[in-house]
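Just below is one structure, and these are the notes that go with it.
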Amino acid sequence: MSNKGNLFVISGPSGAGKGTVVKEILKRDEKVMLSVSATTRSPREGEVDGREYYFISKEKFEDLIKSNGLLEYAGYCDNFYGTPKQAVEDNLEKGIDVILEIDIQGGESIRKVAPHAVSIFIAPPSMEELRKRLVSRGTEAENVIEKRLKKAELEMQESSKYDYLVVNNNVEQCAENVLCIIKSERFRVNK
Ligand code: 5GP
C-alpha cells in the first residue's frame, strides 16, 4: 500500500464558491493542503503574496514555464495561472493530500500528467445564483463579471469529465461532501 498523499483537482466556475469550500476543508482535515498557485493577475484587496497566490510578473511566469517548474498552467481571462511543481511533489511524498484549485484547462492538463488524480467539480446551484454571488462578492468590475459568466457557461459543459460533481448550495454541506470523497480515496486499494 502506498503511504503517499493523493492529488485532488477541484474546479468549477468563478463564483461557485470553490475557495470558501476549500478553506472549510483545510480547517476540518489537517492531512490536506492547498497548493498555492502562481499568477500574473493583480492581488485583490486582502490577498497576501504566498498565501492566496504567488503574484508574479509575466516575465517571471515565462521563466517558470521554461525551467519546467510548473505542473500545469493556463491562461484565464487575460492572466496566467500555474501550479508550482516542487511543493506538490514534496507534500505528496510526505503523505499529505494536495488540492489543486484550478480551472478546467488545468484539470485537463493534470489528467494527462497525473492520471491518478481525483477530480471534483463544484457547481453553483444555478447560473442566476452564480451571477448574484459574483456581483455581491464585489471583487471584479462589471466587464470582468460578464467575461467570467460567459466562461462559466462553457465550463459547466465540462463537468462530465470530472470524477465527481458536488453542488454548492451551502458551504458547510458542500465541504462535508467533498471531504467524504477525500476520505474515501484514502482507502482505495488500486491507485
Ligand atoms: P481567480 O482569479 O478567481 O483567483 O481565479 C481564476 C481561475 O483560475 C479560477 O477558476 C481558479 O480555479 C483558476 N486557477 C487558480 N490557480 C490556478 C492554477 O494554478 N492553474 C490553473 N490552470 N488555474 C488556476
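For clarity, every value in this text was computed on a predicted model and none was experimentally measured.
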Under 4.5 Å between side-chain heavy atoms, counting indirect links through other Ile/Leu/Val/Met/Phe/Trp/Tyr residues: same cluster for Val144 and Tyr81 or not? no
Distance (rounded to the nearest 0.5 Å) between [X] [atom1] and [Y] [atom2]:
| X | Y | atom1 | atom2 | answer |
| --- | --- | --- | --- | --- |
| Cys174 | Ile25 | SG | CD1 | 7.0 Å |
| Cys180 | Tyr164 | SG | OH | 10.5 Å |
| Glu185 | His116 | CD | NE2 | 11.0 Å |
| Ser11 | Asp103 | OG | CG | 6.5 Å |
| Lys18 | Asn168 | NZ | CG | 11.0 Å |
| Lys112 | Glu108 | NZ | CD | 5.5 Å |

Just jot down the salt bridge (charged side-chain N to carboxylate O under 4.0 Å, His left out) partners of Glu52, sequence neighbours excluded, or say none.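 Counting only residues at least two positions away or on another chain, Glu52 forms no salt bridge (charged side-chain N to carboxylate O under 4.0 Å, His left out).
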Salt bridge (charged side-chain N to carboxylate O under 4.0 Å, His left out) with Asp97: which residues, sequence neighbours excluded?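 Testing Asp97 for salt bridge (charged side-chain N to carboxylate O under 4.0 Å, His left out), a comparison that skips the adjacent residues, returns Arg186.
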Side-chain cluster (under 4.5 Å, hydrophobic types only) that Ile145 belongs to, other residues: Leu7, Val9, Met33, Leu71, Val88, Leu92, Ile96, Val98, Leu100, Ile102, Ile104, Ile110, Val113, Phe121, Met127, Leu130, Leu134, Val135, Leu149, Met156, Tyr162, Leu165, Val167
Side-chain heavy atoms under 4.5 Å apart, restricted to Ile/Leu/Val/Met/Phe/Trp/Tyr: what other residues fall into the cluster of Ile56, or is it alone?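 Val36, Tyr54, Phe61, Leu64, Ile65, Leu70, Tyr73, Phe80, all in the cluster of Ile56.
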Which residues pass the side chain to side chain contact (heavy atoms under 4.5 Å, CB included) test with Thr139, sequence neighbours left out?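 Expected list: Arg44, Arg137.
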For Ser136, all residues meeting side chain to side chain contact (heavy atoms under 4.5 Å, CB included), sequence neighbours excluded: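 Testing Ser136 for side chain to side chain contact (heavy atoms under 4.5 Å, CB included), a comparison that skips the adjacent residues, returns none.
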Is the number of heavy atoms from other residues, nucleotides or ligands within 6.0 Å of CZ (Arg133) greater than 12?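 Enclosed: over 12 neighbouring heavy atoms sit under 6.0 Å from CZ of Arg133.
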Would you call Lys147 and Glu140 a salt bridge, taking side-chain N to carboxylate O under 4.0 Å as the test?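 Between Glu140 and Lys147 there is no salt bridge, as every charged N stays at least 4.0 Å from the carboxylate O atoms.
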Side-chain ion pair, Glu89 and Lys85, N-O less than 4.0 Å: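 Between Lys85 and Glu89 there is no salt bridge, as every charged N stays at least 4.0 Å from the carboxylate O atoms.
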Please collect all ring pair (Phe, Tyr, Trp, His ring centres under 6.0 Å) contacts where either partner lies in residues 9-49, sequence neighbours excluded, each pair once.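 For residues 9-49: none.
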Can you pull out every ring pair (Phe, Tyr, Trp, His ring centres under 6.0 Å) where at least one residue sits in residues 84-113? Sequence neighbours excluded, please.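 Non-adjacent pairs meeting ring pair (Phe, Tyr, Trp, His ring centres under 6.0 Å): zero.
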Heavy-atom side-chain proximity of Ile181 to Ile120 below 4.5 angstrom: yes
Shortest non-hydrogen contact from [X] to [Y]?
| X | Y | result |
| --- | --- | --- |
| Glu155 | Ser14 | OE1-N, 4.1 Å |
| Lys183 | Asp29 | CE-OD2, 3.9 Å |
| Glu47 | Ser42 | OE1-O, 4.4 Å |
| Gly19 | Glu101 | CA-OE1, 3.8 Å |
| Gly82 | Pro84 | O-CD, 3.4 Å |
| Ala74 | Gly106 | CB-N, 4.4 Å |

Residues in side-chain hydrogen bond (donor to acceptor under 3.5 Å, both in side chains) with [X], at least two apart?
| X | answer |
| --- | --- |
| Glu93 | none |
| Asp63 | none |
| Lys161 | Glu158 |
| Ser159 | none |

Is the backbone N or O of Phe55 less than 3.5 Å from a side-chain atom of Asp49, with the two atoms forming a donor-acceptor pair by type?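 Flag set: sc Asp49 to bb Phe55 pair under 3.5 Å.
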Determine whether a donor-acceptor pair (N or O, by modelled atom type, separation under 3.5 Å) exists between the side chain of Glu72 and the backbone of Gly107.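 No: the side chain of Glu72 does not pair with the backbone of Gly107.
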Step by step, would you call Ile182 with Phe8 a side chain to side chain contact (heavy atoms under 4.5 Å, CB included)? CA-CA 8 Å; Ile182 293 177; Phe8 294 91; 3.9 Å; yes
Before you tell me yes or no, could you show the steps for Ser119 and Arg111 under side chain to side chain contact (heavy atoms under 4.5 Å, CB included), namely the whole-Å CA-CA distance, both residues' side-chain angles and the distance that decides it to 0.1 Å? CA-CA 9 Å; Ser119 58; Arg111 242 169 252 128; 4.2 Å; yes
Please evaluate residues Val21 and Ile10 with respect to the criterion side chain to side chain contact (heavy atoms under 4.5 Å, CB included), reporting the C-alpha separation (whole Å), side-chain torsions for both, the decisive distance (0.1 Å), and the verdict. CA-CA 10 Å; Val21 168; Ile10 295 192; 5.9 Å; no
Might you work through the side chain to side chain contact (heavy atoms under 4.5 Å, CB included) test for Tyr76 and Arg41, ending with a clear yes or no? CA-CA 10 Å; Tyr76 179 96; Arg41 97 152 154 67; over 6 Å; no
